[in-house]
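In what follows, every heavy atom counts, from backbone to side chain, and hydrogens, waters and symmetry copies are set aside. Just so you know, these numbers come straight off a predicted model, no measurement behind them.
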Amino acid sequence: MSVMTYIGAIGAAQQEAMIADERVIIIGEDVEANVYGTTGGGKQRAEKGDFVEQFGHRRIRNTPISEEAIVGAAIGAAMTGLRPIVDLSYSSFLYMAMDQLVNQAAKNRYMFGGQSSVPVVFRSAMFYGLNTGAHHSDRPYPMFMNVPGLKIIAPASASDAKGLLRQAIDSDDPVMSFEAVPLWGLKEEVDDTEYRIPFGKARIRREGSDVTVVGISGSLPLALKAAEAMAEEHGISCEVIDPRTLVPLDTATIVESVRKTGRLVLAEPAHRACGATAEIAATVAEEAQDALRAPIRRLTAPNMQIPFSPALEAQLYPTTEKIAAAIRQVAGLEKTAEERISA
Amino acid sequence: MLRKADLQNNTLLEMQRRMIRIRLFDERASKMVKRGYIPGTVHTSIGQEAQVVGACMALRKGDHITGNHRSHGHPIGMGSPLGPLMAELVGKATGVCRGKGGSLHLADYAHGSLGESGITGSSIPIAVGAGLSAQTLGEDRVAMCFFGDGAANQGVLYESMNLASAWKLPVIFLCENNHYALSTPAHTVTGGRIVDRAAGFGMPGVRVENGQDVLDVHEAVAEAAARGRRGDGPTLVEVMTYRFREHSEGLRINVDYRDTNERETWLARDPIQMHRAWLIAEGVATEAELDALADEIAQEVEDCVTFTMESPDPEPKVAFEDLYTDPYDMEAVQ
């Protein structure tokens, strides 16, 4: 075990996979100079581009700023023997490659009756909350949840980032990895040895009996903090769940938890319409309506573009306080003392 | 000059065989659209057989191609058997894509066909990726993408040409210039000559003026393939050709967008008739032998239709297969 940051764990998973399998290559803008800190091999954000030394220029390549061709070439390479990792840096840049992601990566295996497999990973970082303005702040994972054929991971901790990304690289299907930049510096003890986290298995980060709280990506640590505060301040016992992968999505674990608690609060940094939390809320409504003792609450970004000014941006995302308020509300604390649940 | 001296007689005859295969397959497919056996529509390669076969036969086993909506000729050019292709057009269980691709999305991996694409230009970077894997893995193969004069104006082509050239990938960009993007004359929407765009990316550009001559096409593409295998990078080959039929079967356009003289000039340059005359003149085959070849292929097409019509429809559950490499959770879609 050693202490790794979230971004360091992503680099560690890439390095591990590059060592384990010569078919793994990394392509993307500025990967050789390790500009984003995932191709340096260090446990912390590395400063030296030593992936190039370790693996050579054939296996780690800077690309032109041509997202459509990069993504398409990675798909073609994956269909013919390589296992590429494409570093697209900002997730807002995915749109440049939309045709390749949606019409080729997601559809080829299906359209061709299973003749092809497309073992490729598309990594992109969600730089929200950092005053990067509307063209660099997207959290677009819900759009891709609507594209059958893609798998989607959204790690919320260093250890999950390492294990999920490793599983993604080993996967024979196209996987999109949405990495939350606000979590880059998050540190924890991470297993140095190789391990993989299976897709479609939510992680219960905190057990509880009164309210189920689901946090997605960067909202998960906020949900944990809110749960801790609610336990201390009000004696409310929250069960905090991280789905970890959005496709496949482990709704069974969430439904089971709601059957126990009867209350559900959901938080994610994406826009509200058709978000991951909308999908989860709908599934719970379909499968466990009878168990609900309060309306489901969702904390999301509004259906609004992201402004630049620090004075404007921060209010748009879920915060620990907003999640805590929602927990209090579903637990009845925002109403009367009589309506409060017994701790 | 590369002609009979450089190619074996059986190769020269195989060219004729594959061109006739495309012609008769597509003629039959057209009839089957008309009679309602093939749902939707098809885009035939009739008139463009030399361009397709000359290019495909310049490749080797292990090489890859990607293609476009004018899709049947490419796998046939690579040597695909006809039965599973026709079954795919009709949507049968025995189709090469299990009935899930149809005419627009044929692929036959066993014969190097990585997939046709219903999105114009979309399969171009896929071939670049096949070139990337060849180079990275040190495998002696090349990849070729077919695209039309219409796709030549898609931005993805230029991103792809730049990437292939910067990395010196073994890729052949094969532009099938049949002069029309559906009803739009290419010259009205294209600045300059397509072939000249190669220079901007530091790669050779070759234009095959007589794209109805299978040997001319073959020669240009063979040279491009050799360049790729030598590690000298990609080539753009623009082949001037003409589709003899409408853009797609059953499509009726009231405006006569193609000049009658132009059409007649091109119809007189039938690639199959031209190669037949050449084979006879050069003593490669006799008229009787070539007639027998055509009869043989006619029978093959009959057989592929019989195979198709006798094949079962796919089971409904097949719609839920092949999305991922792991089995789809049926409960999740109920």
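- Under a cut-off of 6.0 angstrom, the local environment of CD in A/Glu256 is sparse, with at most 12 non-hydrogen atoms contributed by other residues, nucleotides or ligands.
- Chain B forms more heavy-atom pairs under 4.5 Å with one residue of A/Ser117, A/Pro64, A/Ser116 than with any other, namely A/Ser116.
- Looking at A/Leu249, there are no atoms closer than 4.5 Å to chain B (heavy atoms on both sides), in backbone or side chain.
- The shortest distance between side-chain heavy atoms of A/Ile25 and B/Leu132 falls below 4.5 Å.
- Smallest separation of non-hydrogen atoms from B/Trp167 and A/Asn62: CZ2-O, 3.4 Å.
- In this structure, A/Tyr110 OH and B/Cys97 SG are separated by 11.5 Å, a value rounded to the nearest 0.5 Å.
- Contact tally against chain B (heavy-atom pairs below 4.5 Å) for A/Pro119, A/Ala74, A/Gly114: the top residue is A/Gly114.
- A donor and an acceptor atom, one from each side chain of A/Gln104 and B/Ser122, are located under 3.5 Å apart.
- Although no hydrogens or angles enter the test, the distance criterion places a donor-acceptor pair under 3.5 Å between the side chain of B/Tyr324 and the main chain of A/Gly149.
- One distance of note links CG of B/Leu163 with CD of A/Glu68; it measures 12.0 Å at 0.5 Å rounding.
- Enclosure of atom CE in B/Met203 by more than 12 non-hydrogen atoms of other residues, nucleotides or ligands within 6.0 angstrom is indicated.
- Proximity to chain B (any heavy atom under 4.5 Å) is shown, for A/Ser171, by neither the backbone nor the side chain.
- Between A/Ala69 and B/Ser160 the shortest heavy-atom distance is CB-N, 3.9 Å.
- In this structure, the separation between OG1 on B/Thr120 and CG on A/Asp99 is 9.5 Å, given to the nearest 0.5 Å.
- For the atom pair CD1 (A/Ile65) and CD (B/Glu159), the distance works out to 10.5 Å, reported to the nearest 0.5 Å.
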Chi angles and distances behind the salt bridge (Lys or Arg N to Asp or Glu O under 4.0 Å) call for A/Lys151, B/Asp326 = CA-CA 11 Å; A/Lys151 290 182 175 176; B/Asp326 26 47; 3.0 Å; yes

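- If you measure heavy-atom distances from A/Glu67 to chain B, the contacts under 4.5 Å come from the backbone alone.
- In this structure, the side chains of A/Phe112 and B/Val96 stay at 4.5 Å or more apart for every pair of heavy atoms.
- Put simply, of B/Leu157, B/Leu169, B/Val128, B/Thr136, the one with the most heavy-atom pairs under 4.5 Å next to chain A is B/Thr136.
- Here B/Ile119 is the residue among B/Ile119, B/Leu104, B/Asn162, B/Thr66 with the most heavy-atom pairs under 4.5 Å with chain A.
- Heavy-atom pairs under 4.5 Å with chain A were tallied for B/Val318, B/Asp108, B/Ile124; the largest tally goes to B/Asp108.
- Side-chain contact between A/Gln100 and B/Ile126 is present, with heavy atoms from C-beta onward closer than 4.5 Å.
- Proximity to chain A is absent for every atom of B/Glu88, based on heavy atoms less than 4.5 angstrom apart.
- Using a 4.5 Å cut-off between heavy atoms, B/Ala166 makes no contact with chain A at all.
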task = Step by step, work out the side chain to side chain contact (heavy atoms under 4.5 Å, CB included) result for A/Leu82 and B/Leu137.
result = CA-CA 8 Å; A/Leu82 292 178; B/Leu137 297 167; 3.7 Å; yes

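- Residue with the most contacts toward chain A among B/Glu139, B/Gln135, B/His64, B/Arg141: B/Gln135 (heavy-atom pairs, distance under 4.5 Å).
- Contact check for A/Asn103 versus B/Ser117: no side-chain heavy atoms found under the 4.5 Å cut-off.
- Side chains of B/Ser133 and A/Arg83: no donor on one and acceptor on the other come within 3.5 Å.
- Neither the backbone nor the side chain of A/Val120 comes within less than 4.5 Å of any heavy atom of chain B.
- Remark: the backbone N or O of B/Thr325 is not paired with any side-chain donor or acceptor of A/Asp172 at under 3.5 angstrom.
- The CZ atom of B/Arg98 sits 10.5 Å away from the CD atom of A/Gln115 when rounded to the nearest 0.5 Å.
- Using a 4.5 Å cut-off between heavy atoms, B/Leu106 touches chain A through its backbone atoms (N, CA, C, O) alone.
- Taking the side chain as every heavy atom from C-beta outward, B/Tyr109 and A/Met79 approach each other to under 4.5 Å.
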